[in-house]
Protein chains: 2
Amino acid sequence: MPYHLIRKLGRYAGLSTVDEEMLRQLARASGWVGPRSDLLREGAAPRDVCVILEGWACAYKQLEDGRRQIIAYLMPGDVCSMAAVFPDVINYTTGTLTSVRMAQMSGRALLTTMDRSPRILRAFWLDMLAASAIQREWTASLGFLTARERIAHLLCEIMTRLRAVGLADAEGCFLPLTQEDLGETVGISTVHVNRTLQDLRASGLITLKRQQLAIPDFAALQEVARFDGAYLRPAPTARDADHPASLRSILDPVLGSAVCP
Amino acid sequence: MPYHLIRKLGRYAGLSTVDEEMLRQLARASGWVGPRSDLLREGAAPRDVCVILEGWACAYKQLEDGRRQIIAYLMPGDVCSMAAVFPDVINYTTGTLTSVRMAQMSGRALLTTMDRSPRILRAFWLDMLAASAIQREWTASLGFLTARERIAHLLCEIMTRLRAVGLADAEGCFLPLTQEDLGETVGISTVHVNRTLQDLRASGLITLKRQQLAIPDFAALQEVARFDGAYLRPAPTARDADHPASLRSILDPVLGSAVCP
DNA sequence: CGTCAGCTTGACCGCGCTCAAGGCCAGTGG
DNA sequence: CCACTGGCCTTGAGCGCGGTCAAGCTGACG
């Protein structure tokens, strides 16, 4: 069922067809959630791991005075609440942007599966690492890039991530974000997002109309954005591990004694 | 040897004296590294886990045109390169701010120790979670706080973290950062950092002279900063775990079937 | 006593914000 | 089929937060 997830994980760790089948059987699709509704409130302790099947969601923080900051995007194939397996401090809210269809996996069952297949464990691990690399990248982007660079950077990231799950082709992708969403992501006002997009359009770097994004020359946009997509393709360095018994058997594939394909 | 680390970890998971002794024997203090020198370049694959014993370091990203963004602070008791145990994508540089004395632990030995003491594993895990919560907090801070709020927020965070390792008392702490460092952290220019600090001083919120920070009324600063320190004290919710065999035995303490003291 | 790093201050500028009005759909109901 | 509505995008005008440039100050150190 979680097609996009399987596709993405496969890129990390090369899943076998058995692995893929295990994942498919693990996930049970649930219904649609409407746009702009909260999935997971701050402080929740999720029991299941959720995977986005269709639609976009995000994690965000909000102040009493209304200011809002989007912390992360959750797109098809992304895992919402790894906290159900590797407990996490959830001091942010997760909400949908568009309508969203999700799949649920019991944390326990996923754990069993990871235990059976080192490749699956490794792939999930690398996906978590990619997520935290994205977080660092956002920190940097907000810190030292200009508005124009930030928007460009975000679009590069989104394109790269969507490509990894087969939702973008060479030309472009579907982008269901409002300019307000973009503003709350890169820390600028809606009006200025608009002007910045105009600017990028005028420079021939992007086309964006009716939620359809096109990037005629990705390399050019990448340069404007100072974007280097390496952080989205994590692959631990080869390592001649010689680790102790039980943790070894668990983490070895994660530690990547074999180079990933 | 890693006194501050042990103190911090103890707050997470309640280490036994045996645990503490294991950690002490694991870490071997190494010499001093001068201020403003790089410890770990982008792309490195560290073999040892480093712990800061004294001094401050940071992780940062830098562009060719000189712009620099500090991604994280590493203070006494902080772990630099967990990548040696849980492999990570290192797409940033780690460098010292002041002179720094570190301790090294072989990744392998630490793994063995974690394997022997679930409390140690759990404590390290929670420390990693706290680090990623800080990262999210920085993203939000850079995104929607004003310069004044960001500086205040950063000072609150630093005070709280230093208190956890016994390096700050009720009044204040040592703060070895230049105004340039602060600027590169909260994304504003050095000149404006200066003016913002003046402003905070004028409001009676802080005193900062000769690297000595004092916060007469923490609650007041906290309010200005919109700071809520909960994210720095991670404690997974209690959970009636019933997990599969081997992963269970490893991750159970992490999963926190027992409430932490 | 000179030097140098870091702090401070002033003047000016510009990126990005706010407020406000208008335009463009897509969906809805008459 | 068309008027109406509401969400989103667009554009203009004016302002202010924070940037830049430049000079002077302060204190630690040799």
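Just so we're on the same page: letters track the sequence lines, and every chain starts at 1. Worth saying up front: this structure is predicted, and the values here are computed from it rather than measured.
Protein atom CZ of B/R195 is 10 Å distant from nucleotide atom P of C/dA11, rounded to whole Å. Rounded to whole Å, atom P of C/dC24 lies 10 Å from atom NZ of A/K209. The nearest whole Å value for the distance from the CZ atom in A/R148 to the C1' atom in C/dG14 is 16 Å. B/D199 has its CG atom 18 Å from the P atom of C/dC7, to the nearest Å. Between B/L197 atom CG and C/dT9 atom P the separation is 11 Å, expressed in whole Å. B/H192 places its NE2 atom 15 Å from the P atom of C/dG10, with the value rounded to the nearest Å. Rounded to whole Å, atom P of C/dT8 lies 4 Å from atom CG of B/N194. Taking atom CG of B/L213 as the reference point, atom C1' of C/dC7 lies 16 Å away to the nearest angstrom.
Contact check on A/E180 versus A/R68 returns no salt bridge, with no Lys/Arg side-chain nitrogen under 4.0 Å from an Asp/Glu carboxylate oxygen. Of the charged side-chain nitrogens involved, at least one lies within less than 4.0 Å of a carboxylate oxygen, so that A/D65 and B/R226 count as a salt-bridged pair. Of the charged side-chain nitrogens involved, none lies within less than 4.0 Å of a carboxylate oxygen, so that A/R67 and A/E184 do not count as a salt-bridged pair.
No side-chain heavy atom of A/E137 sits less than 4.5 Å from a side-chain heavy atom of A/D228.
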When you look at A/Y60 and A/D181, which way does the side-chain hydrogen bond (donor to acceptor under 3.5 Å, both in side chains) test go after all the steps?
-> CA-CA 11 Å; A/Y60 66 89; A/D181 295 330; over 6 Å; no

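Of all heavy-atom pairs between B/P35 and B/L97, the closest is CB-O, 3.5 Å.
Annotation: cation-pi geometry satisfied between B/R163 and B/F218 (NZ/CZ under 6.0 angstrom from ring centroid, within 45° of ring axis).
Protein chain B touches strand DNA chain D; the 5'-most and 3'-most nucleotides with an atom under 4.0 angstrom of its non-hydrogen atoms are D/dG18 to D/dA28.
Residues from residues 172-189 of chain B lying near DNA chain C, meaning a heavy-atom separation below 4.0 Å, are B/T178, B/Q179 in numerical order.
Judged purely by distance below 3.5 Å, without hydrogens or angles, the side chains of A/T139 and B/Q135 pair a donor atom with an acceptor atom. B/W138 and B/E157 form a side-chain donor-acceptor contact under 3.5 Å, judged by distance and modelled atom types alone.
Taking side-chain N and O atoms only, B/Q211 has no distance below 4.0 Å to OP1 or OP2 of C/dG6.
Backbone-only contact: B/R201 has heavy atoms under 4.0 Å from sugar-phosphate atoms and none from a base.
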